[in-house]
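Working notes for the structure below.
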Amino acid sequence: MSACEFESLEKSLESHLPEAELVEVKRILFGKETKKLDLPACAVEAASERDFELKGYKFDAAQEQLRPPRNIRVGLIQHHIVLPTDAPILDQISAMHSRIGEMVEVAAMCGVNIVCFQETWTMPFAFCTREKEPWTEFAESAEEGNTTRFCQELAKKYNMVIVSPILEREELHSTLWNTAVVISNSGNMLGKSRKNHIPRIGDFNESTYYMEGNTGHTVFQTQFGKIAVNICYGRHHPLNWFMYSMNGAEIIFNPSATVGALSEPMWPIEARNAAIANHCFTCAINRVGTEHFKSEFTSGDGKKAHHDFGHFYGSSYVAAPDGSRTPGLSRTRDGLLVVEMDLNLNRQISDKWSFKMTGRYAEYAEELAKVVQHDFKPKIVKE
Ligand SMILES: NC(=O)NCCC(=O)O
């Protein structure tokens, strides 16, 4: 971590704005205030001993007459890689397992029902290098791999749904995918969701490794609600969020790996806008730190070759359908964000704003079907 990395927008506002002004600035920037959650002292102590940030917030919903509240807790985990990128692969993976194990234990102390990790959490984000070896060796079977087994144990032990985004190797044809494995709180694997949109930008050379996913917009019915996973670059595609929502997702997780110079101004907007547009909760998770690679690589932009991507800025947050959002985790530290939400808020906001009811989907479907034809002529009126 660079010593001079800016820690967080929230911290800066809090230390520089007068209190009354801060309230207004936060209202405009973040929407209706999310209350702080009281987290158990043992969790606060363990997080501090284990050197990670622990924050908790709560989104309220109105009390209804016919439906009881559906309060659940989600946990978002962001972290650095633990060992250098040239350490033996198995050592790197098991160090990451230990780190996640100790963070998930704290999530359990905080009553988390569903936890989601960052994109390809068991490995450095090495796709900038374009080298196949040794990075493809981090790939594991979604069904049988050690990481899935590890998560199944945690899920059973803590009665927690786990979303585990990994580099997947499908054994039959040795195909690689960027995949989120979804494990039920029973410990059974519920299924998997593959990354639908593969970036071709800057150092994100992921198309060298894997293709666009073929699992569509699957939604997983868990004991705690219907969830979906829109992996990283998919957050720039409003229709990707939309299709998960059309399949009934109540919470859409967005496990990511992205760097400050590229995407930071977009980060607070995209997942939040998706929550508003689709009457659901969204959870944006980004890794932290700067990862150094032995071989130099270029960004194909005429600039000098380099050994790292730049800084992964963390800043994980949760957004609600009413447009409010939690403050983000730090830009520099490992962290666990615990958020309580009443899923009844989705329908309450839908009844208020009615975006789904007023959406002219049949018209769009008809027009889009024409737009994707090779002989499409745009409808432009000229003088
Ligand atoms: N991991 C990934 O898809 N990153 C692409 C860059 C971005 O979407 O900010």
Side-chain angles (χ1 to χ4, degrees), residues 23-35 37 57-74 76 113-114 116 196-197 216-222 224-230 234-254 256 265-285 315-328 337 339-368:
V23 172
E24 278 302 278
V25 168
K26 280 190 169 171
R27 180 183 66 79
I28 295 165
L29 270 185
F30 299 137
K32 189 176 153 200
E33 194 182 353
T34 45
K35 291 189 197 122
L37 257 188
Y57 299 97
K58 178 175 167 38
F59 291 106
D60 283 326
Q63 175 70 52
E64 298 181 13
Q65 292 186 34
L66 300 183
R67 295 192 305 175
R70 290 176 65 211
N71 284 316
I72 60 131
R73 286 189 180 184
V74 297
L76 278 51
N113 305 113
I114 309 172
C116 182
N196 278 328
H197 298 274
H217 296 88
T218 310
V219 167
F220 302 92
Q221 172 79 69
T222 75
F224 310 109
K226 286 188 254 162
I227 66 170
V229 197
N230 175 2
R235 78 183 179 283
H236 311 299
H237 295 267
L239 288 178
N240 206 40
W241 297 100
F242 173 73
M243 285 312 301
Y244 290 114
S245 157
M246 282 289 113
N247 280 321
E250 295 172 296
I251 308 167
I252 308 176
F253 291 94
N254 174 231
S256 298
M266 294 144 92
W267 179 255
I269 300 170
E270 291 169 308
R272 189 175 178 197
N273 184 52
I276 297 169
N278 297 298
H279 305 314
C280 66
F281 288 90
T282 58
C283 303
I285 304 149
S315 309
S316 305
Y317 70 98
V318 177
D322 64 359
S324 60
R325 57 155 286 186
T326 68
L337 179 63
V339 178
E340 184 170 309
M341 53 186 65
D342 180 349
L343 294 177
N344 281 353
L345 188 63
N346 290 345
R347 197 178 82 180
Q348 291 172 11
I349 298 298
S350 175
D351 285 350
K352 178 175 175 182
W353 282 97
S354 309
F355 295 147
K356 289 208 171 128
M357 200 163 79
T358 57
R360 304 290 304 276
Y361 305 137
E363 280 70 16
Y364 292 129
E366 205 176 296
E367 288 184 44
L368 273 173

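Sequential numbering from 1 along the given sequence is applied to the chain's residues.
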How far apart are the closest heavy atoms of [X] and [Y], and which atoms are they?
X: A249; Y: I252; value: CB-CG1, 3.8 Å
X: A228; Y: V219; value: CB-CG2, 4.2 Å
X: P268; Y: R325; value: CB-NH1, 3.6 Å
X: A271; Y: A284; value: CB-CB, 3.9 Å
X: L343; Y: G225; value: CD1-CA, 4.1 Å

Distance, nearest 0.5 Å, that separates [atom1] of [X] from [atom2] of [Y]:
X: S256; Y: N230; atom1: OG; atom2: CG; answer: 8.0 Å
X: L239; Y: L368; atom1: CG; atom2: CG; answer: 7.0 Å
X: I114; Y: M341; atom1: CD1; atom2: CE; answer: 8.0 Å
X: T218; Y: M243; atom1: OG1; atom2: CE; answer: 11.0 Å

Taking the side chain as everything from C-beta on, heavy atoms only, tell me whether [X] gets closer than 4.5 Å to [Y].
X: P327; Y: L337; answer: no
X: I251; Y: F224; answer: no
X: I276; Y: W353; answer: no
X: M246; Y: H217; answer: no
X: W241; Y: N254; answer: yes
X: K35; Y: E340; answer: no
X: E33; Y: K26; answer: no
X: N196; Y: Y244; answer: yes

Kindly say whether [Y] contributes a backbone atom to a donor-acceptor pair with the side chain of [X] at under 3.5 angstrom?
X: N273; Y: I269; result: no
X: N344; Y: P68; result: yes
X: R272; Y: G323; result: yes
X: N346; Y: E250; result: yes

Can you tell me if [atom1] on [X] sees more than 12 non-hydrogen neighbours from other groups inside 6.0 Å?
X: Q221; atom1: CD; answer: yes
X: E24; atom1: CD; answer: yes
X: K352; atom1: NZ; answer: no

With side-chain contact (heavy atoms from CB on, under 4.5 Å) as the criterion, how do R73 and L37 come out once you've worked through the C-alpha distance, each side chain's angles and the decisive distance to 0.1 Å?
CA-CA 11 Å; R73 286 189 180 184; L37 257 188; 3.5 Å; yes

Before you tell me yes or no, could you show the steps for L76 and V339 under side-chain contact (heavy atoms from CB on, under 4.5 Å), namely the whole-Å CA-CA distance, both residues' side-chain angles and the distance that decides it to 0.1 Å?
CA-CA 8 Å; L76 278 51; V339 178; 5.8 Å; no

With sequence neighbours excluded, what pairs up with T222 under the side-chain hydrogen bond (donor to acceptor under 3.5 Å, both in side chains) test?
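For T222, no residue satisfies side-chain hydrogen bond (donor to acceptor under 3.5 Å, both in side chains) once neighbours in sequence are set aside.
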
Decide side-chain contact (heavy atoms from CB on, under 4.5 Å) for Q348 and E64; before the verdict, give the C-alpha distance in whole Å, the side-chain angles of both, and the deciding distance to 0.1 Å.
CA-CA 9 Å; Q348 291 172 11; E64 298 181 13; 2.8 Å; yes

Before giving the answer on ring-ring contact (aromatic ring centres under 6.0 Å, His included), spell out for Y361 and F242 the whole-Å C-alpha distance, their side-chain angles and the decisive distance to 0.1 Å.
CA-CA 11 Å; Y361 305 137; F242 173 73; 5.0 Å; yes

Applying side-chain contact (heavy atoms from CB on, under 4.5 Å), run through H197 and H236 and close with a yes or a no.
CA-CA 9 Å; H197 298 274; H236 311 299; over 6 Å; no

Contacts of type side-chain contact (heavy atoms from CB on, under 4.5 Å), residue D322, not counting sequence neighbours:
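Listed in chain order: K32, A320, S324, L345, I349.
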
Using the ring of each side chain (for Trp, its six-membered ring), is Y317 parallel, tilted or perpendicular to W267, with breaks at 30° and 60°?
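Because their plane-to-plane angle is over 60°, the rings of Y317 and W267 count as perpendicular.
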
